[in-house]
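Sequential numbering from 1 along the given sequence is applied to the chain's residues. Each ligand, and each atom within it, is numbered from 1 in the order the structure gives.
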Amino acid sequence: MNSLKDFLLSWYRRRPGKAPRIVILISGRGSNMRALLEKIREGRLRAECSLVISDREAGAGGLAVARAMGFKAELIQKRKEESREAFDRRLAERIKKENPTLVVCAGYLRILSEPMLAAFPQRIVNIHPSLLPAFPGLRAQKQALDYGVKVTGCTIHLVDAGVDTGKILAQGVVPVLAKDTEETLSRRILKAEHDLYWRTVQKYLERIAQKTP
Ligand code: GRF
């Protein structure tokens with residue numbers, strides 16, 4: 001009985017045409033993407049993921065995961081001769097066809113340039129594995145260990161033209177333990193990321209809905 005109720009509730013929350021749409025951008029294994037898609041399936045993140053895009057094929061296990069979960073997923077790679085801006089223009093055109101409320105970067109490794117930022121102002125979010133503004137950029141967990149901080153964590157922020165500089169939406173704190181390696185610390189932070197990202201996306205979608213007439 002309960003499972004029928006859960007199923008109906010989940011279906012009701014996800015009914016087509018009612019939920020805001022998101023597009024997820026990835027470059028790699030996509031564990032954050034998977035956590036978001038699972039919450040959508042459970043009806044706890046009240047959104048429809050109309051498309052997952054990866055800019056990489058090699059190592060982008062996330063594409064296969066998204067397809068296996070029944071979501072549409074495409075590989076869109078930068079061509080050698082293409083400038084960053086030209087690629088982002090092509091990417092933005094493709095994303096616009098989905099008419100998303102929000103673009104969610106989940107381990108997407110390219111820095112977004114003007115054509116993407118202009119196409120989706122205040123509508124692109126990213127997750128970073130440190131307490132920004134500390135340790136922006138690559139290997140944030142190693143930066144935290146090298147510095148010797150006792151707590152670190154993850155940050156969800158709006159994307160602007162800088163590297164991990166946009167307005168902060170939420171942060172999760174994670175302890176650094178004496179025996180931590182980059183791997184053990186990364187794993188602990190990732191767990192916090194998976195729990196914080198969908199909640200923050202949900203809240204931000206609600207804020208957008210309240211502002212949109
Ligand atoms: C995460 O640590 C995220 O914070 C960073 O890239 C990593 C992506 O991991 N931006 P995954 O692909 O979601 O597993």
Minimum non-hydrogen distance to atom 1 (C) of ligand 1, winning option of Glu193, His128, Arg34, His194: Glu193
Backbone or side chain, does any N or O of [X] fall under 3.5 Å from an N or O of ligand 1?
X      : result
Gly28  : no
Ala106 : no
Gln141 : no

Closest approach of Leu185 to Gln141 (non-hydrogen atoms, all atoms of both residues):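 The pair with the smallest heavy-atom distance is CD2-O, 3.7 Å.
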Nearest neighbour in protein (non-hydrogen) for atom 10 (N) of ligand 1: Ile127 O, 2.9 Å
Carboxylate-amine/guanidinium contact [X] [Y], below 4.0 Å:
X      : Y      : value
Arg84  : Asp88  : no
Lys203 : Glu206 : no
Glu183 : Arg187 : yes

Any Cys154 heavy atom less than 4.0 Å from ligand 1: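 So Cys154 does not count as touching ligand 1.
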Atom NZ of Lys78: over 12 foreign heavy atoms under 6.0 Å: yes
Contacting atoms of ligand 1, where contact means under 4.0 angstrom from a heavy atom of Ser31: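 Selected atoms, number and element: 11 (P), 12 (O), 13 (O), 14 (O).
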Those atoms of ligand 1 less than 4.0 Å from some heavy atom in Pro129: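 Counting atoms of ligand 1 from 1, those under 4.0 Å from Pro129 are 2 (O), 4 (O), 5 (C).
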Test item: Gln143 side-chain N/O and Leu138 main-chain N/O as donor-acceptor pair under 3.5 Å: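 Yes; judged by distance alone, with no hydrogens or angles, the pair exists.
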